[in-house]
There are 2 protein chains.
Amino acid sequence: MQDRNLSRVPGLPGPDSQFATIGGPAIQAIPLRGGDGEAHQLLSASDRRDLAMIASIRHIDAGAQLFEAGARAQAIFNIVSGVAKVSEDLADGRQATVAFFFVNDLLGMFESDHYIYTGTAVTPLTVYCLPVDALERLLLREPSLQMHFLCKLSHELRASQRQAIALRRYSAMQKMALFLDFMALHPEMQVDATGLMKIPMSRADIADYIGLTTESVSRALHRLCNEGIVELVTSHQFRIHDRARLDRLVGGDGAVSLFRQKGG
Amino acid sequence: MQDRNLSRVPGLPGPDSQFATIGGPAIQAIPLRGGDGEAHQLLSASDRRDLAMIASIRHIDAGAQLFEAGARAQAIFNIVSGVAKVSEDLADGRQATVAFFFVNDLLGMFESDHYIYTGTAVTPLTVYCLPVDALERLLLREPSLQMHFLCKLSHELRASQRQAIALRRYSAMQKMALFLDFMALHPEMQVDATGLMKIPMSRADIADYIGLTTESVSRALHRLCNEGIVELVTSHQFRIHDRARLDRLVGGDGAVSLFRQKGG
DNA sequence: CGTCTACTTGAAGTGAGTCAATAATGGTGG
DNA sequence: CCACCATTATTGACTCACTTCAAGTAGACG
């Protein structure tokens with residue numbers, strides 16, 4: 001590991017320290033109990049302080065590896081800024097993208113002490129490293145903090161299942177619409193007040209993620225454009241023009257959230 | 001809820017009680033730390049006793065609903081015997097099967113106090129009901145038990161991601177092979193010592209789950225048969241004839257580990 | 001034993017994949 | 001700052017695996 005990128009989070013931070021600036025680890029998810037169905041930051045100030053005590057900050061260059069599949073899992077990671085992905089490596093050098101991670105997400109899943117996937121920085125990344133040994137001790141000591149981790153994992157599972165449903169039943173255009181909708185959910189992807197959004201990842205990443213080829217991604221994107229549903233400003237910036245039709249594509253035809261309308 | 005199907009688990013069970021017979025709730029998963037990469041029953045005798053104290057047993061007929069999407073989540077369920085599925089209801093009355101659950105699995109995921117999916121018994125089912133309020137109190141009191149729930153959830157997430165990878169990259173025959181392999185993992189699906197296995201769910205359930213139509217499921221299954229990889233004894237019983245070729249399909253051709261072969 | 005549902009089989013259509021050829025982008029050094 | 005090169009994205013033509021539509025058959029259950 002590149003220790004030059006590693007700096008200790010001060011236990012008793014002064015007003016100018018990095019800790020004071022970014023406030024310690026944070027976790028965003030929809031609560032299990034109560035709440036309005038929206039994602040919130042789950043951790044209390046004291047939770048975040050406890051986590052900061054065992055955490056260190058690390059900066060990762062875009063494209064660099066955060067952890068590697070099969071390696072011994074020493075830490076899990078909490079994103080402060082930037083976007084990461086986890087993928088399964090294929091022997092031909094390509095990868096199957098399993099999920100993307102944004103600010104206030106946790107990544108670094110492991111099984112029997114070893115990382116399952118490879119984690120890579122999509123953009124320059126700032127993360128808290130949470131060493132698993134110390135984290136496990138902390139979670140056993142602080143059951144209510146552990147409950148937040150359980151909630152986050154549940155949220156992650158939900159996202160993965162939603163993804164699987166889309167992979168089964170959506171057309172290329174619907175998948176693309178879902179992906180853009182997904183990006184639009186993350187405020188940090190917003191470029192300016194006009195609703196201009198970034199797409200930080202490559203076509204190959206998107207294609208792997210939504211189960212298409214890069215060619216089909218390109219075609220679907222341009223078809224959404226031609227239909228006036230979105231505007232493609234550059235190949236990595238877009239703006240949603242017709243939110244209603246986008247929603248109809250994503251939720252509508254044969255799928256999930258039509259149901260939500262029924263209920264409401 | 002149908003209270004006639006509900007019976008209290010005795011706190012201090014005698015040798016003839018149901019508790020003594022089935023030993024209390026149990027959870028099967030690959031441990032996060034240590035272990036050999038195999039799934040184990042995670043709970044200690046005392047964990048199981050604690051859970052039994054708040055649990056009740058319920059029997060569900062095949063095809064009956066265990067819980068419904070959108071309903072207030074009063075309990076989660078731990079399977080003692082039988083198979084269950086969770087699905088998302090679609091507007092046209094069909095359902096998208098999200099996952100199947102077997103002995104020692106947990107189901108009943110919720111968000112903001114409400115079930116996300118609908119849970120249905122695929123076969124006659126015996127479950128422990130774990131009321132969420134009591135369970136939450138217990139987990140906060142017993143952090144090491146909570147850690148096992150966290151591990152199970154992680155295991156579930158892994159399964160969902162594996163499923164998503166298969167949905168992206170596998171052909172119909174590979175998906176079918178993967179499904180049969182998946183069934184073969186569950187010892188309780190074994191009919192006899194000759195390796196005869198049950199398929200308790202309908203073609204429609206399978207099709208939804210692996211992202212095909214019922215017709216394609218049928219065709220893929222019969223093609224595996226014609227190639228001598230499996231034997232279809234009845235439409236809901238099979239036997240694996242050529243384990244090596246099945247493994248090659250599941251891990252191999254066109255997907256993840258084909259590239260492993262190329263590389264090697 | 002008849003009816004109903006679930007499964008199988010066949011024929012024809014189509015959406016996304018593949019292969020191949022540009023076109024744009026972005027990073028680098030002159 | 002611009003020109004160059006390597007990478008990434010787009011576009012087109014063609015193919016094919018799975019879907020769709022349409023019968024037909026077999027199991028399950030009263």
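A, B, ... follow the sequence lines: proteins, then strands. Residue 1 opens every chain.
- Once you apply a 4.0 Å limit to the heavy atoms of chain B, the touched nucleotides of DNA chain C run 5' to 3' over C/dC7 to C/dA11.
- Checking side-chain atoms of B/His114 against main-chain N and O of B/Gly70 turns up a donor-acceptor pair under 3.5 Å.
- Smallest separation of non-hydrogen atoms from A/Gln28 and A/His155: O-CD2, 4.5 Å.
- Note: CE (B/Met176) to P (D/dC18) measures 13 Å, nearest angstrom.
- Nearest approach of B/Phe238 to B/Leu180, heavy atoms of both residues: CZ-O, 3.7 Å.
- No side-chain heavy atom of B/Val217 sits less than 4.5 Å from a side-chain heavy atom of B/Phe179.
- Residues B/Lys85 and B/Asp205 are paired through a salt bridge, judged by an N-O separation under 4.0 Å between the basic side chain and the carboxylate.
- Between A/Tyr209 and A/Phe100, the angle of the ring planes goes over 60°, which puts this pair in the perpendicular group of the 30/60° scheme.
- Within the 3.5 Å criterion, the main-chain N or O of A/Thr234 finds no donor-acceptor partner in the side chain of A/Gln237.
- Between the B/Asn104 side chain and the B/Val80 main chain, no donor and acceptor come within less than 3.5 Å of each other.
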Sub-3.5 Å pairs of nitrogen or oxygen atoms, protein against nucleotides 9-12 of chain D:
from	atom 1	to	atom 2	distance (Å)
D/dA9	OP1	A/Arg203	N	3.1
D/dA9	OP1	A/His236	NE2	3.1
D/dA9	OP2	A/Arg203	N	3.2
D/dT10	OP1	A/Arg203	NH2	3.2
D/dT10	OP1	A/His222	NE2	2.9
D/dT10	OP2	A/Arg203	NE	2.7
D/dT10	OP2	A/Arg203	NH2	3.4
D/dT10	OP2	A/Ser218	OG	2.9
D/dT10	O5'	A/Ser218	OG	3.0
D/dT11	OP2	A/His222	ND1	3.4
D/dG12	N7	A/Arg219	NH1	3.0

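- Residue A/Ser171 is in sugar-phosphate contact alone, with no base atom involved, counting any heavy-atom pair closer than 4.0 Å across all strands shown.
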